Amino acid sequence: MKKSPFILLLTFVLLITLTGCGNDLTYSEVSIDHVESNLDAFIQQAEPENGIYLFFHNEDSFYVYVTSGHLTQGERPLHISNFNVEREGDVLHIYYEEEQAEEGSNNHRLYLVKLDKPIEEINAYKNGEDIPFAMVGGS
């Protein structure tokens, strides 16, 4: 009978530990067509310029908008690919690539990043090179 409280305590500790393991850093591409009005206004403001944009949704998530669709005459369209997010301690790294593409290629993308724990810094890299954010906003 004395082992019963110990087994209950051990089960409780394991359950809490396993529940905490489900909170991973995740990201997914989302449709620009069905976003909240404040995010839509942010995207509309970003539209005239190429670059990477951050929009903080709440303390646990933010959007990354990447666009490369604004070309000068004679330039070939660019395609955004290989988007990835990685954590290194309390620093978040966002990676993506721009590649030459054919007409009609998807040259703007919106991603929702859900954090597993707070971060102190976010860095962006296009084609392996460190780049600044064009604009940062939030709701």
Side-chain angles (χ1 to χ4, degrees):
M1 291 288 167
K2 289 185 176 184
K3 291 185 179 182
S4 212
F6 176 72
I7 292 174
L8 276 172
L9 179 62
L10 181 60
T11 304
F12 180 72
V13 169
L14 285 173
L15 182 63
I16 289 176
T17 302
L18 291 175
T19 303
C21 292
N23 296 337
D24 292 332
L25 171 68
T26 61
Y27 64 90
S28 59
E29 187 170 0
V30 295
S31 172
I32 293 175
D33 299 331
H34 305 289
V35 297
E36 298 173 8
S37 61
N38 53 354
L39 177 56
D40 185 52
F42 180 79
I43 291 171
Q44 296 304 319
Q45 190 175 2
E47 276 297 318
E49 298 295 326
N50 293 334
I52 183 168
Y53 299 82
L54 288 181
F55 183 84
F56 289 93
H57 180 60
N58 57 41
E59 65 184 41
D60 297 328
S61 64
F62 61 91
Y63 290 93
V64 178
Y65 179 63
V66 183
T67 182
S68 62
H70 307 288
L71 307 172
T72 59
Q73 183 134 2
E75 285 185 317
R76 288 186 58 200
L78 298 172
H79 175 75
I80 297 165
S81 64
N82 298 326
F83 184 89
N84 191 24
V85 177
E86 296 177 2
R87 171 189 289 284
E88 190 176 309
D90 56 358
V91 178
L92 198 67
H93 302 283
I94 300 172
Y95 302 94
Y96 70 99
E97 293 178 13
E98 282 183 343
E99 306 164 325
Q100 298 241 325
E102 300 301 319
E103 270 314 309
S105 179
N106 188 354
N107 49 24
H108 61 273
R109 305 231 176 181
L110 180 65
Y111 298 91
L112 174 60
V113 178
K114 294 183 180 180
L115 300 172
D116 54 345
K117 58 185 177 178
I119 54 173
E120 294 292 322
E121 183 179 330
I122 303 174
N123 298 314
Y125 304 89
K126 177 177 74 173
N127 298 337
E129 294 187 26
D130 188 21
I131 60 166
F133 292 99
M135 185 169 57
V136 177
S139 52

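None of these values were measured; they are calculated from a predicted model.
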_From CA spacing to verdict: side chain to side chain contact (heavy atoms under 4.5 Å, CB included), His108, Ser68_ = CA-CA 6 Å; His108 61 273; Ser68 62; over 6 Å; no

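- Note that NZ of Lys117 is 10.0 Å distant from CG of Leu25, once rounded to the nearest 0.5 Å.
- The shortest distance between side-chain heavy atoms of Phe62 and Ile122 falls below 4.5 Å.
- Side-chain contact check for Val91 versus Asn123: some heavy-atom pair is nearer than 4.5 Å.
- Annotation: side chain to side chain contact (heavy atoms under 4.5 Å, CB included) contacts of Ser31 (sequence neighbours excluded): Asp33, His34.
- Listed by chain and number, the hydrophobic cluster partners of Phe42 are Val30, Ile32, Val35, Leu39, Ile43, Tyr53, Phe55, Tyr63, Tyr65, Leu110, Leu112, Met135, where partners are ILVMFWY side chains within reach of under 4.5 Å, directly or through others.
- With respect to the salt-bridge test (charged N to carboxylate O, under 4.0 angstrom), the residues Asp24 and Lys114 do not qualify.
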*Go through the steps to decide whether Glu129 and Asn127 satisfy the test side chain to side chain contact (heavy atoms under 4.5 Å, CB included), and finish with yes or no.*
CA-CA 6 Å; Glu129 294 187 26; Asn127 298 337; 5.7 Å; no

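- Ring-centre distance between Tyr96 and Phe83: not below the 6.0 Å cut-off.
- Going from atom OG1 of Thr67 over to atom CD1 of Ile52 covers 11.5 Å, rounded to the nearest 0.5 Å.
- Remark: Tyr125 engages His93, Tyr95 in a ring pair (Phe, Tyr, Trp, His ring centres under 6.0 Å) (not counting sequence neighbours).
- The side-chain heavy atoms of Val113 and Thr26, taken from C-beta on, include no pair separated by under 4.5 Å.
- Note on Lys126 versus Glu98: salt bridge recorded, some NZ/NE/NH1/NH2 to OD/OE distance being below 4.0 Å.
- Residue Glu59 qualifies as open at atom CD: its count of foreign heavy atoms under 6.0 Å is 12 or below.
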*Start with the C-alpha gap between Ser61 and Asn58, add the side-chain angles, then the distance that decides, and say whether side-chain hydrogen bond (donor to acceptor under 3.5 Å, both in side chains) holds.*
CA-CA 5 Å; Ser61 64; Asn58 57 41; 3.0 Å; yes

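- For the residue pair Glu97 and Asn82, the shortest heavy atom distance occurs at OE1-ND2, 3.0 Å.
- Proximity of Val64 to Tyr27: side-chain heavy atoms (C-beta onward) are nowhere separated by under 4.5 Å.
- If you take NE2 on His57 and CG on Leu115, they are separated by 12.0 Å, rounding to the nearest 0.5 Å.
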